[in-house]
Amino acid sequence: VQLVESGGGLVQPGGSLTLSCTASGFTFDYYAIAWFRQAPGKGREGVSCITLREGSKFYSDSVKDRFTISRDSAKNTIYLQMNRLLPEDTAVYYCATDPVEVFGENCLRDNGVDYWGKGTLVTVSS
């Protein structure tokens, strides 16, 4: 299993950015793909998740109504559209995958997730 993130960068507060996560090496529809982030000096936080079988989507309260997760099955790619970005959104963003149950009831927990990308840095600053 391989996950490769891209799309990070520097953006001004209020701006937008779209992250991509391209997956390879598995075709299990009972998996989910989630985005986590880790800000400097803080723990890793689940941000958004999509289940591959049902296409159910989940968001943390801190990004709900600002971020949108989507997928392009033909490209094996998951996107995270981030709008109205805030300085507190600054973090390294990682995508991760495993069977849905590993992410917990709200699909945003790291209950021993095995597969992670290397991350992409998002900096929100003027």
Side-chain angles (χ1 to χ4, degrees):
V1 176
Q2 186 175 20
L3 300 170
V4 180
E5 305 97 334
S6 62
L10 174 65
V11 62
Q12 292 187 340
S16 299
L17 211 56
T18 299
L19 305 182
S20 301
C21 171
T22 301
S24 61
F26 74 101
T27 56
F28 305 122
D29 65 355
Y30 57 89
Y31 273 43
I33 295 183
W35 286 97
F36 288 77
R37 68 184 181 186
Q38 188 163 19
K42 295 188 176 181
R44 193 154 51 193
E45 171 193 18
V47 174
S48 185
C49 176
I50 185 167
T51 62
L52 298 186
R53 178 178 291 168
E54 298 88 3
S56 300
K57 302 176 182 180
F58 301 85
Y59 300 94
S60 66
D61 289 341
S62 60
V63 307
K64 193 175 181 180
D65 299 327
R66 297 189 298 122
F67 290 10
T68 302
I69 193 169
S70 63
R71 65 178 172 177
D72 184 332
S73 299
K75 296 182 179 180
N76 292 329
T77 299
I78 302 296
Y79 301 99
L80 187 67
Q81 172 69 41
M82 305 185 295
N83 297 325
R84 304 199 310 274
L85 282 160
L86 304 169
E88 49 263 45
D89 294 318
T90 295
V92 177
Y93 284 72
Y94 301 90
C95 64
T97 191
D98 234 331
V100 173
E101 58 267 23
V102 178
F103 293 99
E105 184 176 332
N106 66 354
C107 203
L108 296 176
R109 292 183 181 271
D110 175 8
N111 294 329
V113 175
D114 285 328
Y115 305 109
W116 296 87
K118 293 183 178 180
T120 185
L121 176 62
V122 173
T123 303
V124 184
S125 175
S126 55

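Model, not experiment: these values are computed from the prediction.
- In this structure, the side chains of Trp116 and Arg44 come closer than 4.5 Å at one or more pairs of heavy atoms.
- Without hydrogens or angle criteria, Thr97 side chain to Ala32 main chain gives a donor-acceptor distance under 3.5 Å.
- Put simply, the side chain of Ser16 does not reach to within 4.5 Å of the side chain of Val11, judged on heavy atoms.
- Between Ser48 and Lys57 there is no side-chain heavy-atom pair separated by less than 4.5 Å.
- Relative ring orientation between Tyr31 and Tyr115 is described as parallel, the plane-to-plane angle staying below 30° on a 0-90° scale split at 30° and 60°.
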Exercise. Test Trp35 against Ile78 for side-chain contact (heavy atoms from CB on, under 4.5 Å), laying out the working first.
Key: CA-CA 9 Å; Trp35 286 97; Ile78 302 296; 3.8 Å; yes

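- Panel note: side chain Asp98, backbone Asp114; a donor-acceptor pair is recorded below 3.5 Å.
- A donor-acceptor pair under 3.5 Å links the side-chain atoms of Thr77 to the main chain of Lys75, judged by distance alone.
- Ile33 and Phe58 fall into different hydrophobic clusters, where Ile, Leu, Val, Met, Phe, Trp and Tyr residues are linked whenever their side-chain heavy atoms come under 4.5 Å apart, directly or through other members.
- Residue Glu54 qualifies as enclosed at atom CD: its count of foreign heavy atoms under 6.0 Å is above 12.
- For the residue pair Gln12 and Ser126, no side-chain donor N or O sits within less than 3.5 Å of a side-chain acceptor on the partner.
- If you take CZ on Phe36 and SG on Cys49, they are separated by 7.5 Å, rounding to the nearest 0.5 Å.
- Glu88 and Ser62 form no side-chain donor-acceptor contact under 3.5 Å, judged by distance and modelled atom types alone.
- Taking the charged nitrogens against the carboxylate oxygens, Arg37 and Asp89 do have a contact shorter than 4.0 Å, which makes a salt bridge.
- Ser20 places no side-chain N or O within 3.5 Å of a backbone atom of Tyr79 that could act as its donor or acceptor partner.
- Using a 3.5 Å distance cut-off with no hydrogens or angles, the side chains of Thr123 and Thr90 do not pair a donor with an acceptor.
- Dense packing is recorded around CZ of Arg71, with more than 12 heavy atoms of other residues, nucleotides or ligands lying under 6.0 Å away.
- Using modelled atom types, one side-chain atom of Glu5 and one backbone atom of Gly119 make a donor-acceptor pair closer than 3.5 Å.
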